[in-house]
Every structure is written in structure tokens, then in C-alpha cells.
2 protein chains.
Amino acid sequence: MTDGPASTEIVERLRSVGLRPTRQRIALARLLSGADRHVAAESLHSEAQAAGIAVSLATVYNALHQFVDSGLLREVVVDPGKSYFDTNTSQHHHFYFEASGRLEDIPAGDLTLARVPPAPHGAQVVRVDVVIRLAETDDIIMQ
Amino acid sequence: MTDGPASTEIVERLRSVGLRPTRQRIALARLLSGADRHVAAESLHSEAQAAGIAVSLATVYNALHQFVDSGLLREVVVDPGKSYFDTNTSQHHHFYFEASGRLEDIPAGDLTLARVPPAPHGAQVVRVDVVIRLAETDDIIMQ
DNA sequence: ATACTTGCAAATCGTTTGCAATACC
DNA sequence: GGTATTGCAAACGATTTGCAAGTAT
């Protein structure tokens, strides 16, 4: 339970990717700066509200996308109709608990791909995403 | 360019999974019965319209989900905000052309996973999805 | 001073729902 | 005839947009 990086560090990080360190972006970046996290726009907005930070939902969406575009965050696609943003931008994969909608990182070293097919001609690999979809065992029992 | 399976075969297939062979379901199942395909609800609806088949969009959604629930189709998640349905229900993976939204199958044998981490305690693996995201080389050149 | 950001509310997208009319067994 | 299915139009959740007001450099 630390306070995370000081504002100055966050301001620096924002500046370094070309984003003006506005009050809203600083606050959101700080909320996202602790441990590895997977957040949805709505939940980050709620969290900000709860922390007494005035930010509109539209601004949260703007900021999240700008963070993704500048490499501060990564988007994870596991559910049609809902976007998740991952604070861990290094190469890794995910466990996805379908029942709860929770995501958990799989460190790069824990999952290895052998025999990856070459990209079709004219195309280039942007990223390889592996999602291991999970059901809670209890759910299974009930069919 | 064949006509695909006869109606009787399709009717049988629908019956075998417990779905009443209605005019709409038969028509949709037939549209989906050729080669391996990846369709979105909207596009299947347009296709049906173009083929002179009267089906409402709501019914297309209903049918697609029923087909998924009964194992006739598989859902592929590659884009937040849009669902794709895959007529290939066997174990395989996907190339995803981000620019065009096109999907292409990767046969199971072409991609192998080594070192798959065990499911977290209390959870069970439902499926492992690998998506290789691609950019057209031309896009890259333009930055 | 200027360009970039924000917040609001309205608009949009894909999808789902309630329910009366209709089709299948 | 009785139940499952359909179509419509309205409702929906998540996300995006236009634009006037506010803020960073």
C-alpha cells in the first residue's frame, strides 16, 4: 500500500510520450500506477469518483485510448462489448474467468508457443495474444 | 460453388441439436453451410436479405446464439464491440487482420503450444484461444 | 495567446428485450 | 391446440462525438 510514484514522476512519464500533464491525466495515471491491473473504463471512472477525483467518463475514455496509443497501456480483448486495459505492457498472456469477467496475467515465461505459422504474404504480425478461458469449477458442477 | 447440403440434411442437423427447423433457421444454416466462414450478425443479415430471404436481425442474433449453444458454431472474440461467428467448430486458432476486420483460420496443426500453465485452483480450462494480430504491410509503410 | 483538453449531453453502434402475431409438431 | 419461434420497435450498455468553456505552455 504505497502512494505510488510521486506526481513529478508521472508528469514526466506523460510528457515523455507527448501528453500534456493535465489534472485528469495525472490522477488517472496515478490510479493505474501501482501493481499490474486490468481495468474497464467504467470501473476506472467509479474508482476516480470514489477517490474524490472529478473526471468525466468521456475523459476517462479519452485518456485510456491516449495511454494505449502512447504505449503506456495495452488493450486486452476477451469479451465482445467490453474493453479492458492492462497496465502491464510487456509481452505476456491472460487467464480469463468467464463467469466473473476477471483477468489474470500469465507471465511470458509461463507459456511458450512452438510452431507459430508465418504471417500471410503482405501482412506483418502485430502481436500474438493467447487467452486461456476459464470456468470456476463450482460452475461446472452445476452444469 | 455448390448449393451446399440439401434442406433435408440441414433439417436433420437442426433437429439433432434440438432446434425446430423453421424457415429462418434453415435458411441461415444453409448460408453458413459451405466452406469455413467467419460472419458477424449484421453481415449475415445483409447476406440473407440479398438472397431474398426474409429474416429479421433479431432472429439472426437469436439463431446465431442458438447455433453456438448447440455446438454448430463457435464465437470468436477479436474486437471489443463486435462478435464474429465461426463455422469451423474444431480446435484451431486465428489470424486477425486488424485493418480490414478479416479473420482467417490457423489449422490446429500449424500452431503448437508448449508449456501451457495449469489453470488456477478452483478453475477449469474452457478453451485456449490464440489470435495472431496482423497489419497489412502497406499500412506499416505509411506509419 | 494559442493550441490542446475537458465535460456535458446527444448521438451512435452492436446487441438484447418484451410481447403480440405466427409457424411448427 | 399448445408450445416454440418470429418480428417489430423500444430498450440497452458501452463507447464516441460535437462543441462551448476551461487549462497548459
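Chain letters run A, B, ... following the sequence lines, proteins first and then strands; every chain starts at 1. Values in this document were obtained by computation on a predicted structure and should not be read as measured data. Excluded from the calculations below are hydrogen atoms, water molecules and symmetry mates; all remaining heavy atoms, backbone and side chain alike, are included.
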Original post:
Would a distance-only check, ignoring hydrogens and angles, find a side-chain to backbone donor-acceptor pair under 3.5 Å from A/T59 to A/V55?
Top reply: no

Original post:
Just how far, in rounded Å, is P of D/dT6 from CD of B/Q24?
Top reply: 5 Å

Subject >> B/I26 CD1 - D/dT6 P separation (whole Å) >> reply: 10 Å

Original post:
What is the distance from atom CG of B/L57 to atom CG of B/L44, rounded to the nearest 0.5 Å?
Top reply: 9.5 Å

**OP:** Indicate yes or no for a side-chain donor-acceptor contact from A/R25 to the backbone of A/R20 under 3.5 Å, with no hydrogens or angles considered.
**Re:** yes

Subject >> Main-chain N/O of A/V77 paired to A/Y96 side chain as donor or acceptor, under 3.5 Å >> reply: no

**OP:** Step by step, work out the side chain to side chain donor-acceptor pair (under 3.5 Å) result for B/D86 and B/H92.
**Re:** CA-CA 11 Å; B/D86 190 343; B/H92 67 286; 2.9 Å; yes

Subject >> Chi angles and distances behind the side chain to side chain donor-acceptor pair (under 3.5 Å) call for B/R127, B/Q91 >> reply: CA-CA 9 Å; B/R127 201 167 73 201; B/Q91 154 70 26; over 6 Å; no

**OP:** Find the distance B/E42:CD to C/dT12:P and express it as a whole number of Å.
**Re:** 15 Å

Original post:
When the C1' atoms of the five terminal pairs at each end define the local axes, what inter-axis angle does the helix from C/dA1-D/dT25 to C/dC25-D/dG1 show, to 10 degrees?
Top reply: 30°

**OP:** Could you check which residues of residues 56-70 of chain B get a heavy atom under 4.0 Å from DNA chain D? Sort them by number, please.
**Re:** B/S56, B/A58, B/T59

Original post:
At what distance, to the nearest 0.5 angstrom, does CG of A/L31 lie from CD1 of A/I53?
Top reply: 4.5 Å

**OP:** Select base, sugar-phosphate, or nothing to describe what B/A54 touches, counting heavy atoms under 4.0 Å on all strands.
**Re:** sugar-phosphate

**OP:** Measure from CZ on B/R25 to C1' on D/dT5 and round the result to the nearest Å.
**Re:** 6 Å

**OP:** Report the distance from atom CG of B/L28 to atom C1' of D/dG7, rounded to the nearest whole Å.
**Re:** 14 Å

**OP:** May I have the distance from A/L19 (atom CG) to C/dA3 (atom P), rounded to whole angstrom?
**Re:** 19 Å

Subject >> Ion pair check, A/R37 and A/D105, cut-off under 4.0 Å >> reply: no

Subject >> Value in whole Å for how far the P atom of D/dT6 lies from NE2 of B/H45 >> reply: 13 Å

Subject >> Ring-face cation of A/R102 near A/F97 (centre distance under 6.0 Å, axis angle within 45°) >> reply: yes

Original post:
Salt-bridged, B/R133 to B/D79, with N to O below 4.0 Å?
Top reply: no

Original post:
Between B/H65 and B/F85, does the ring centroid distance fall short of 6.0 Å?
Top reply: yes

Subject >> Gap between atoms CD and P, on B/E75 and C/dG14 respectively (whole Å) >> reply: 15 Å

Table of protein N/O atoms under 3.5 Å from nucleotides 22-25 of chain D N/O atoms:
residue	atom	partner	partner atom	Å
D/dT25	OP1	A/R15	NH2	2.9

